[in-house]
Amino acid sequence: MSQASDGVAVWRRVADQLRDLAATGVEKLPVESELAARFGVNRHTVRRAIAALAAEGLVRSERGRGTFVEPMPARLVYPVGARTRFTENISREHRQPSGRLIQSTRELADAARGAALGLRPGAPLQRLDVMGVADGVPLSLSSNWFSQKRFPTIVAAYAETGSITKALRLCGVTDYRRHHTKLRADRVAPQDARHLACAADAIVMIAETVNYDLDERPIQASQTRFLAERVELSFEA
């Protein structure tokens, strides 16, 4: 059986449970036969789940010795202020930042999004869904909305640079400031859990933000989901 009753592949569900087990502080996973019996699956399913965790850097398998849990890095301190920049924040922590474009779509502004961007409801928007990564480890997922009329090339600019700040610069915005941030916490959405390679019940901190250019015009609305177990937000005065 490859699919669970909720449509999630069985090996993914096993991988989620193994993540939870690894988070308890164990140094070594039980052998495949024991895990297969515990989860009621075959050893091939267990092997696939462990391979997925190994690809994420969470475990390592040593021939003849077993599967060991890699020590998790400390939470990354992520400053939030008027000039929040992902690349600068990650580099300050002596880690290698990168951004990955998950998808880009076109949408029509609803009332809330239109108000945030100073546009009428129904105005065309460019949406970029982006993953924030440090040293190859996913930290966050963000959905970003821009006026299609003002930023018709923002998707290509991001694809070229891998950075929202650099993409905006290519589109003529030399600098910008954060106008406001609203923060809340929630369980991770299923599709986000798959991208973040985290447990299905992990907690994310959700930041709703709007950025303005130096002429005080709104340029970007975003919703960023930070994985709480990997990121510590620090708000600057």
Side-chain angles (χ1 to χ4, degrees), residues 1-78 86-87 89-100 102 130-142 162 185-206 224-234:
M1 181 177 63
S2 62
Q3 293 290 120
S5 60
D6 60 0
V8 178
V10 172
W11 70 267
R12 289 188 182 277
R13 295 178 66 85
V14 172
D16 288 341
Q17 293 180 75
L18 290 179
R19 285 192 195 92
D20 293 341
L21 178 60
T24 65
V26 299
E27 296 182 358
K28 184 179 179 181
L29 296 182
V31 296
E32 288 180 3
S33 57
E34 182 179 336
L35 291 173
R38 177 186 299 189
F39 300 126
V41 298
N42 59 44
R43 293 178 66 173
H44 174 75
T45 298
V46 170
R47 202 169 296 127
R48 188 173 182 186
I50 290 175
L53 298 187
E56 297 165 13
L58 299 180
V59 301
R60 72 180 189 282
S61 295
E62 298 183 8
R63 185 181 295 275
R65 298 192 62 210
T67 302
F68 295 85
V69 177
E70 295 283 18
M72 291 296 292
R75 283 190 179 91
L76 185 144
V77 177
Y78 191 93
F86 181 83
T87 298
N89 283 353
I90 304 306
S91 299
R92 190 180 296 129
E93 292 291 304
H94 307 291
R95 301 191 190 183
Q96 181 63 43
S98 62
R100 301 176 188 170
I102 303 298
V130 172
M131 180 189 296
V133 178
D135 289 343
V137 178
L139 299 180
S140 64
L141 290 168
S142 65
D186 205 347
R187 298 285 182 184
V188 67
Q191 66 271 22
D192 285 357
R194 290 191 285 274
H195 285 302
L196 291 170
C198 65
D201 61 348
I203 299 298
V204 290
M205 298 171 288
I206 304 173
T224 304
R225 287 85 72 196
F226 294 95
L227 189 57
E229 65 191 47
R230 298 176 191 163
V231 180
E232 177 181 315
L233 299 182
S234 175

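Please read all numbers here as calculations on a predicted model, not as lab measurements.
A donor-acceptor contact shorter than 3.5 Å links the side chain of Arg19 to the backbone of Ala197. Distance alone, capped at 3.5 Å, is enough to place a donor-acceptor pair between the Asn42 side chain and the His44 backbone. Listed for the Arg43 side chain is no donor-acceptor partner under 3.5 Å among the backbone atoms of Ala36. Arg187 places a side-chain N or O within donor-acceptor distance of the main-chain N or O of Asp201, the cut-off being under 3.5 Å.
Between atom CD of residue Glu32 and atom CZ of residue Arg47 there is a gap of 4.0 Å, rounded to the nearest 0.5 Å. Here CZ of Arg225 is found 7.0 Å from OG of Ser142. Values are rounded to the nearest 0.5 Å. For the atom pair CG (Leu21) and CZ (Arg38), the distance works out to 5.5 Å, reported to the nearest 0.5 Å. Atom CG in Asp192 sits 10.5 Å away from atom OG in Ser140 (nearest 0.5 Å). Rounded to the nearest 0.5 Å, atoms CD (Gln96) and NE2 (His94) are 13.0 Å apart. Put simply, CD1 on Ile206 and OG1 on Thr224 are 10.0 Å apart, with the number rounded to the nearest 0.5 Å.
Here the side chains of Arg230 and Pro138 are in contact, with some heavy-atom distance below 4.5 Å. Residues Cys198 and Val204 have side chains not in contact (no heavy-atom distance under 4.5 Å, counting atoms from C-beta outward). Using a 4.5 Å cut-off on side-chain heavy atoms (C-beta onward), Leu18 and Phe39 make contact.
Here the shortest heavy-atom pairing between Val188 and Ala200 reads CG1-O, 3.6 Å. Pairing each heavy atom of Pro30 with each of Leu35, the nearest pair is O-CD1, 3.4 Å. Across all their heavy atoms, Leu29 and Ile50 have their closest contact at CD1-CG1, 4.5 Å. Taking each heavy atom of Gly136 and Arg100 in turn, the nearest pair found is O-NH2, 4.1 Å. The minimum heavy-atom distance linking Ala49 with Ala15 is given by the pair CB-N, 3.7 Å. The heavy-atom pair separating Phe86 from Tyr78 by the smallest distance is CA-OH, 3.5 Å.
Checked against Leu139 for a side-chain contact (heavy atoms from CB on, under 4.5 Å), the options Leu196, Ile90, Asn89 give a single hit: Ile90.
The local environment of CD in Glu27 is sparse, with at most 12 non-hydrogen atoms from other residues, nucleotides or ligands closer than 6.0 Å.
A salt bridge does not link Arg13 with Asp16: every distance from a Lys NZ or Arg NE/NH1/NH2 to an Asp or Glu carboxylate oxygen is 4.0 Å or more.
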